[in-house]
Structure formats: C-alpha cells, structure tokens
Amino acid sequence: MVLPRRDAPPADLAASIQALKRERDAVIIAHYYQDGEIQDVADFVGDSLQMARFGADTQARTIVVCGVHFMAETAKILAMDRTVLLPDTAAGCSLADSAPEAEFRAFVQARPGHRVVTYVNSTAAVKSLSDICCTSSNAVQVVSSIPREVPVIFGPDRFLGDWVARQTGRELVLWQGSCEVHELFSAEAMVQQKQQHPGAITLVHPECPASIIALADVVGSTKKLLEAVRSGPEHATWIVATEPGIIHQMRKARPQGEFLMAPAIVRGGTQGACTSCNTCPHMKRNTLEKLWRCLRDGSPAISLDPALAARARLPIERMLAVS
Ligand code: 13P
Ligand code: SF4
C-alpha cells in the first residue's frame, strides 16, 4: 500500500479547511482580490474597511486573513490577544512599500501643524506616525472630518489623495506613492474599449490615476463597485478598472452580465494592451493549499511589538469612529 506523504494536501482542500476552522475556533476573512476558491471558503469577504471591522468584532481565537500583509497587520493591531494568520507572509503591497518609515517620518516632521491621514495600505510603523487612517471607502469622509483650516498630509497613495482632494475641494500635501496594479491602466486603450462597447458601465477604483477616473461611471472602493453591479441592470456590460479578483463576486451577483477587464499597459513597457497585467501578484501569493497549511500548522502568524501596535491602533480606531 502506498501511504500518502505526510505533507501531501488532502484531495478535498475546501472540506479540510472547514474542519480545521472548527478545530481551531478560526474565522477566515478574505479580500475581494483573492482567487474565487479562497473567497468561497471564507466566513467573510469584503473590502479593506469591512475586513478591519469584521476582524475587530469577531470573537474567534484565530483570525486567518486572506489578503496582503498590511491587512493581517491591521487585524492583529485590533486583536492583539488573538492569533492572526496570513497564508503567505511574503504577500506584500507596492503601496505600503512606497512609504518607508524613516522617509515618511522625515516628511511629517518637515511639516509641523499638519494632520496626517494615512491610507490603511501602509505598514504599522507608518500608521503609528498618523493622526487618522482611512480606506478608499471612507477617505472623503475622514478628510472632511478635519477642520478646513487645518493643513492635511495624505499618504501613501498619490492618486487616491488627488481624487480625495478633488472630491473635498481641499489642497492636500501628497506623499508620492502608488499601487503598481492600479497605475497600470491605459486611458487610450480604455477609450477604444468604451467605443467598442457603447452602453457599457465603467467601474474604477480611486487608486487609479485621474485620467482613468475621468472615464468612470462609478468610482469607489471594491465594495462600492460591487454594490453598483448588484443594484445595476441584469444584462449590462461592465468595464472593470480594478483587480480582476472582484469579478468573482460580480458574476455571482449578475450571472447574465458581461464583465470586461479594462486594458492595462503591458508590464515591462512593451507596446500594446493587456487584460491580465492588473492581477495583483501579492494578493495572488495566497492559495487554497497555503490556506489549508496555515490552518493546520497555526502558522505563519503575525507578531507585532505591543508598543507599536498600541500607537498604530489609535489612528485606526479614530477611522472606525468617523465612518
Ligand atoms: P478596497 O478593497 O478597500 O477598495 O482596497 C483596494 C485595495 O487595493 C486593497 O489592497
Ligand atoms: Fe497593494 Fe495594489 Fe495589490 Fe492592493 S492591489 S494589495 S494596493 S499592490
């Protein structure tokens, strides 16, 4: 008889994940950019704000975050007494990486008197230098909560910051970071796509540059874009300018709809347009097998210095109170 390798994954990964979840008193929180099979085993699927809220409210002993590192870190900050697992700890984020702590500290210190608003797509160290955090679903609300006469630093995403500045009619001091996925859409190719599909409804995430946002019918967080589909016509064609993982829920909501990825500039600068270059390589590091392994082993777990976590918690709690 051939015995299975000790480390071989079970044939039915999804069923084993559900069994391990019960054994460990665990919940799985997934972002909309995860692969569909991960979203389907999760207890909760949402945008960054919803994930943070769910993580803060759950009583489960173990929280498995299927997303990227800053999302797991946020969950840990809000639940230091719980085990927070991330299936692949190398799942980073170009936006968070674009704001190294020392440079961001110097930027803030050079501008005394400014209120610092930090997008949650940032490290705990950068959050700890901030007055209040925001996500793409509440950024306008968060900035509007600051008196108009108070100058505001917004980081790390310059495109989200630029959009918020236009929405609020305020001048913001922008940190020049960006998301490698959302900055890649091609306005020229999107105009052509819209001409080929007259009547299509264009959905754009505000991490995109202004030239892409200008082509949108709906601008907002992943949750808002999904809500637009849920409340939209049954047979519509949708042009989606965000990470393609979200289309999994869009198709479920509107099985008769047609979903087209907005074209991107080909990674590496080659001429032409690409409809898969906007896949987030960090989000896609998580797989069903890695999720099963991390639940089985109780690792890799996020660990954070308690003093840093306490400093980073304050701006997150202020955000949760505002929105
Ligand atoms: P939201 O889901 O909050 O819109 O965030 C998008 C994103 O890029 C997460 O990394
Ligand atoms: Fe970061 Fe962009 Fe990936 Fe979101 S899509 S995790 S902002 S690199």
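Indexing begins at 1, ligand by ligand and atom by atom, following the structure's order.
- Of all protein heavy atoms, the one lying nearest to atom 5 (O) of ligand 1 is Ser48 OG, 3.3 Å.
- Using a cutoff of 4.0 Å between basic side-chain nitrogens and carboxylate oxygens, Asp57 and Arg53 are not scored as salt-bridged.
- Taking a cut-off of under 4.0 Å to the non-hydrogen atoms of Ser136, the atoms of ligand 1 that pass are 1 (P), 3 (O), 4 (O).
- In this structure, Asn121 counts as a contact residue of ligand 1, since one of its heavy atoms falls inside 4.0 Å of the ligand.
- The aromatic rings of Phe107 and Trp175 stand perpendicular to each other, their planes meeting at an angle above 60°, with 30° marking the opposite boundary.
- The part of Tyr33 lying near ligand 1 is the side chain, judged by heavy-atom distances below 4.0 Å.
- Residues passing the salt bridge (charged side-chain N to carboxylate O under 4.0 Å, His left out) test with Arg285 are Asp88, sequence neighbours excluded.
- With salt bridges taken as basic N to acidic carboxylate O contacts below 4.0 Å, none links Arg251 and Glu258.
- Of the heavy atoms in Glu243, none comes closer than 4.0 Å to ligand 2.
- Every atom of ligand 1 with a heavy atom of Ser221 under 4.0 Å away is listed here by number and element: 4 (O).
- Looking only at distances, a side-chain donor or acceptor of Thr168 sits under 3.5 Å from a matching main-chain atom of Val164.
- Inside a sphere of radius 2.8 Å centred on atom 1 (Fe) of ligand 2, the protein N/O/S atoms present are Cys93 SG.
- Applying the salt bridge (charged side-chain N to carboxylate O under 4.0 Å, His left out) rule to Glu188 yields no partners; only residues at least two apart in sequence or on another chain are considered.
- Scanning for salt bridge (charged side-chain N to carboxylate O under 4.0 Å, His left out) contacts around Lys252 gives Asp40, with sequence neighbours left out.
- In the model, Gln34 has a side-chain atom that pairs as donor or acceptor with a side-chain atom of Asn286 under 3.5 Å.
- We find that Lys21 and Asp43 are joined by a salt bridge, their nearest charged nitrogen and carboxylate oxygen being less than 4.0 Å apart.
- The His205 neighbourhood of ligand 1 comprises atoms 1 (P), 4 (O), 5 (O), 6 (C), with distances under 4.0 Å to a heavy atom of that residue.
- A donor-acceptor contact under 3.5 angstrom links the side chains of Glu207 and Tyr119, judged on distance only.
- Residue contact annotation: Glu243 has no non-hydrogen atom under 4.0 Å from ligand 1.
- Both the backbone and the side chain of Thr222 come within contact range of ligand 1, each with a heavy atom under 4.0 Å.
- Here the heavy atom of the protein found nearest to atom 8 (O) of ligand 1 is Glu207 OE2, 3.0 Å.
- For the pair His31 and ligand 1, the shortest N or O to N or O distance falls below 3.5 Å.
- The distance from ligand 1 to the heavy atoms of Met71 drops below 4.0 Å at these ligand atoms: 9 (C), 10 (O).
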Please walk me through it: do Asn138 and Ser323 pass side-chain hydrogen bond (donor to acceptor under 3.5 Å, both in side chains)?
CA-CA 6 Å; Asn138 61 20; Ser323 56; 3.1 Å; yes
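- Tested against Leu20 for a side chain to side chain contact (heavy atoms under 4.5 Å, CB included), the candidates Leu291, Asp297, Val64, Leu295 yield a single pass: Leu295.
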